[in-house]
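Read through the structure below, which is laid out as structure tokens, and then see the notes.
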Amino acid sequence: MRIHHLDCASLCPPARRFVQGEGGWLEPAHIVCHCLLIEGREGLVLVDTGFGDDLMSGRRPLPADARLLGLRPAPGRSALGQIRALGLDPHDVRDIVLTHLDFDHAGGLPDFPWARVHVYGAELDAATARRSLRERCRYHPAPWRDTRWQPHPEAGERWYGFDAVRALPGHDAEVLIVPLPGHTRGHAGVAVRHGERWLLHCGDAYFFHTEMAATPSCPPGLVLTQRLLAMDDRQRRDNQRRLHALKHAHGEIDVFCAHCPHEFNALQVSA
Ligand SMILES: [Zn+2]
């Protein structure tokens with residue numbers, strides 16, 4: 001089994017020092033969209049999709065929220081483009097496992113209409129019902145018409161003290177959905193076993209590597225962003241504390257989030 005770390009988009013909002021606590025105030029920030037591609041015996045598994053190929057290749061104008069995030073289209077950068085560049089067949093992506101359904105994580109679903117899409121059931125419910133104004137703004141369900149959803153319940157098994165549910169039973173890739181609600185109602189991490197180690201993709205449960213440092217800290221721009229985006233901020237902060245404790249108690253788990261360039265670079269080098 002082989003695991004690729006894919007950076008599927010550059011988000012460059014202004015004021016890097018405010019957003020990331022480094023670089024200049026007038027410089028754009030550099031935020032990644034970290035996805036995983038697992039090459040297993042039973043085909044390819046994608047963990048998060050990033051934005052769709054139409055947006056990344058400039059075939060569709062950027063919607064307002066993508067412009068706000070400073071998305072820079074770049075042909076070939078989508079998950080679809082990178083899978084092709086690796087010499088792999090996108091039709092071999094049989095399963096997609098998502099941390100949540102915000103468009104920077106699920107925007108690429110229409111590029112793989114043949115794949116089964118595994119998501120924590122509470123998230124699919126939130127994205128379908130869109131009960132609040134924030135949920136009506138954040139979820140864009142129209143392109144998901146033909147998606148082959150596989151919603152998963154929360155109950156299942158325990159993984160290092162967290163609830164977990166096996167996304168792909170019987171598959172050679174051991175992939176668990178680990179509910180981490182807060183950022184969205186059904187937000188989850190995705191744990192992938194890799195030999196004796198685990199990768200834990202935490203999605204948007206936190207945003208920057210300093211939040212997981214021995215003495216945690218967070219740049220002010222990201223404190224604000226995370227509060228504004230959270231559906232339940234207390235739950236989000238509780239789960240962030242649990243992840244911090246997990247990372248420092250278990251060196252065999254590589255804990256990382258979707259948007260930190262430092263974590264992406266470190267894991268890409270070690271892969
Ligand atoms: Zn995100």
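This chain uses plain numbering: 1 for the first residue, then up along the sequence. In listed order, ligands and their atoms are each counted from 1. Computed from a predicted model, the values in this text were never measured in an experiment.
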Checklist entry - Looking at His100 versus His183, is the centre-to-centre ring distance below 6.0 Å? => result yes

Checklist outcome for this item: Looking at His105, the N, O or S atom sitting nearest the Zn ion (ligand 1) is NE2

Charged N to carboxylate O below 4.0 Å: is that the case for [X] and [Y]?
X: Asp238; Y: Arg242; result: no
X: Arg16; Y: Glu27; result: yes
X: Arg77; Y: Asp53; result: no

Checklist entry - Got an N, O or S from Asp104 under 2.8 Å of the Zn ion (ligand 1)? => result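 It does; at least one qualifying atom falls short of 2.8 Å.
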
Next on the checklist: the Zn ion (ligand 1) and His100: any N/O/S contact shorter than 2.8 Å?
Outcome noted: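 So His100 does not bind the Zn ion (ligand 1) by this criterion.
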
Checklist entry - When you draw lines from the Zn ion (ligand 1) to OD2 of Asp204 and to NE2 of His259, what angle lies between them, to the nearest 10°? => result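 About 120°, to the nearest ten degrees.
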
